[in-house]
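Structure, as structure tokens:
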Amino acid sequence: MRRSRTAAGLLSLSALAAGCEPPAPASGPPTLAGSLSVYQAELFYQKVGLGDPVVVVNGGPGLDHSYLRPWLGPLAETHQVIFYDQRGLGASNAVLDATSISMERYLTDIDRIRARVAGEEQFTLLAHSWGAIPALLYALERPERLTGLILVSPVEPGSRFRDQTDGNQLARRDSGDVAALDSIQRTPAFAARDTAAMNRLFFHVFRGTFADAGVADSLLRLSLHERTARQGQQVAALLMAPLRGFDFWDRLGDVAVPVLIVHGAEDPIPVEMVEAMNEALPDSRLARIAGSGHFPFIEQPARFWPAIRDFLGARAEGGP
């Protein structure tokens with residue numbers, strides 16, 4: 001069957017993520033939402049819980065934080081967790097040009113969130129999927145700000161494993177998803193970046209990244225923000241154009257903070273890539289999550305959370 005050009009382009013990013021909606025608890029830790037003015041942007045944030053700060057960087061590029069917010073809720077039982085929408089996406093407005101949408105601005109945004117929202121000199125970064133790229137670059141530029149770095153299902157900082165990753169993703173997509181993607185992309189609603197159409201598109205793109213597609217069928221409930229649906233691909237194009245061919249594998253040895261890599265054993269991103277990343281980082285550990293694909297916090301929370309809590313507990317105690 002014919003390969004979908006748009007879907008293939010999305011897959012080549014290896015990192016876009018799905019929004020899912022587990023049952024909401026009746027009550028929870030204290031939550032504060034607000035906005036922060038940063039160069040040519042208003043960043044929306046949510047601060048949940050109390051304790052040492054953890055700033056969450058979502059995947060993409062071209063998505064907002066909403067898909068992570070429900071599933072990372074348990075972290076707020078012990079920490080102050082700060083979610084934010086990347087500029088130009090979700091509830092974060094921004095000028096859409098190359099001076100505003102750039103990796104330099106993304107790193108500045110993280111630091112402003114640290115200083116003005118967390119209000120601490122040091123914090124932990126937790127990044128999912130493509131979010132690993134700005135998180136690692138932030139660690140390279142501002143290591144003194146970090147107590148640790150958690151990379152969940154990270155993409156690689158280059159292209160050594162790109163063909164293998166793309167091949168795995170395409171092989172995991174069944175014929176029903178391929179047909180649905182082709183059908184959606186022929187509609188006027190898709191051309192207009194209608195939110196419902198984009199939700200359907202991403203559902204079929206991401207279904208194959210789960211270890212069990214039945215889990216995706218049960219739990220995958222996409223609810224993209226209207227701005228994300230409308231502008232996501234434009235933001236991604238502006239951000240990634242200057243980074244085409246960008247590779248910083250050779251700089252991983254300079255990351256001077258402790259790192260935890262969490263990788264689903266059945267993630268389309270090959271285990272060889274995360275093993276190479278773990279080997280290249282000076283102070284890194286790798287947690288493999290059996291029975292999980294790209295979203296271990298959804299598919300295997302009972303295996304995911306002990307790895308996260310052990311790492312954060314060691315940081316709090318000043319351990320290795």
Side-chain angles (χ1 to χ4, degrees), residues 14-25 28 48-49 54 56-60 63 65-79 81 83 124-132 135 148-156 161 165 168-169 171-174 177 202-223 259-275 277-278 284-315:
S14 306
L16 294 175
C20 310
E21 299 174 355
V48 188
V54 178
V56 177
V57 184
N58 62 262
L63 291 179
H65 86 283
S66 60
Y67 77 93
L68 289 172
R69 171 67 178 86
W71 297 101
L72 298 187
L75 188 54
E77 296 170 7
T78 54
H79 289 74
V81 187
F83 302 92
T124 298
L125 265 179
L126 187 157
H128 178 241
S129 194
W130 177 86
L149 188 60
I150 301 172
L151 306 178
V152 181
S153 308
V155 301
E156 69 165 307
F161 297 87
T165 299
N168 288 347
Q169 290 175 317
R172 294 276 292 275
R173 185 183 299 160
D174 66 29
D177 288 325
F202 285 120
F203 172 85
H204 291 287
V205 170
F206 301 132
R207 185 172 178 268
T209 71
F210 279 72
D212 181 351
V215 174
D217 292 338
S218 298
L219 297 178
L220 210 55
R221 300 292 182 270
L222 289 164
S223 54
V259 180
L260 169 67
I261 302 171
V262 183
H263 181 75
E266 298 181 58
D267 194 323
I269 295 174
V271 67
E272 293 86 352
M273 192 287 289
V274 292
E275 288 174 341
M277 180 181 285
N278 186 57
S284 178
R285 65 189 71 178
L286 173 60
R288 297 179 180 86
I289 307 298
S292 176
H294 199 58
F295 302 91
F297 43 86
I298 298 176
E299 290 196 90
Q300 295 293 338
R303 295 169 177 165
F304 174 80
W305 284 111
I308 300 297
R309 291 191 171 112
D310 286 351
F311 180 79
L312 290 171
R315 307 283 70 71

Heavy-atom pair of closest approach, residues [X] and [Y]:
{"X": "Ala287", "Y": "Ala307", "value": "CB-CB, 3.9 Å"}
{"X": "Glu275", "Y": "Arg288", "value": "OE2-NH2, 2.7 Å"}
{"X": "Phe304", "Y": "Leu72", "value": "CE2-CD2, 4.4 Å"}
{"X": "Phe161", "Y": "Met273", "value": "CD1-CG, 3.5 Å"}
{"X": "Pro154", "Y": "Ile269", "value": "O-CD1, 3.4 Å"}
{"X": "Ser129", "Y": "Gly59", "value": "CB-CA, 4.3 Å"}

Derivation and outcome, side-chain contact (heavy atoms from CB on, under 4.5 Å), residues Arg207 and Asp174: CA-CA 9 Å; Arg207 185 172 178 268; Asp174 66 29; 2.7 Å; yes

For the backbone of [Y] and the side chain of [X], can you confirm whether one donor and one acceptor N or O come within less than 3.5 Å of each other?
{"X": "Gln169", "Y": "Pro268", "value": "no"}
{"X": "Glu299", "Y": "Val215", "value": "no"}
{"X": "Asn58", "Y": "Leu68", "value": "no"}

Within residues 260-271 or reaching into it, pairs that qualify as side-chain hydrogen bond (donor to acceptor under 3.5 Å, both in side chains) - sequence neighbours excluded: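 Non-adjacent pairs meeting side-chain hydrogen bond (donor to acceptor under 3.5 Å, both in side chains): Asp267-His294.
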
Working for side-chain contact (heavy atoms from CB on, under 4.5 Å), residues Trp305 and Leu75: CA-CA 8 Å; Trp305 284 111; Leu75 188 54; 3.8 Å; yes

Does any part of the side chain of [Y], heavy atoms only, come nearer than 4.5 Å to the side chain of [X], both counted from C-beta?
{"X": "Phe297", "Y": "Ile308", "result": "no"}
{"X": "Ser292", "Y": "Arg303", "result": "no"}
{"X": "Thr78", "Y": "Leu312", "result": "no"}
{"X": "Ile298", "Y": "Phe210", "result": "yes"}

If you measure from [atom1] on [X] to [atom2] on [Y], what distance do you get to the nearest 0.5 Å?
{"X": "Phe206", "Y": "Tyr67", "atom1": "CZ", "atom2": "OH", "answer": "8.5 Å"}
{"X": "Ile261", "Y": "Arg285", "atom1": "CD1", "atom2": "CZ", "answer": "11.5 Å"}
{"X": "Trp71", "Y": "Phe295", "atom1": "CH2", "atom2": "CZ", "answer": "11.0 Å"}

Mutual orientation of the aromatic rings belonging to His65 and Phe83 [parallel < 30°, tilted 30-60°, perpendicular > 60°]: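 Answer is tilted, since the angle falls between 30° and 60°.
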
Among Leu126, Ile150, Val48, the one residue meeting side-chain contact (heavy atoms from CB on, under 4.5 Å) with Val54: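 Only match with Val54 under side-chain contact (heavy atoms from CB on, under 4.5 Å): Leu126.
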
Met277 and Leu151: CA distance, side-chain angles, deciding distance, side-chain contact (heavy atoms from CB on, under 4.5 Å) verdict: CA-CA 11 Å; Met277 180 181 285; Leu151 306 178; 4.1 Å; yes

Phe203 vs Asp217, side-chain contact (heavy atoms from CB on, under 4.5 Å): CA-CA, chis, key distance, verdict: CA-CA 9 Å; Phe203 172 85; Asp217 292 338; 3.7 Å; yes

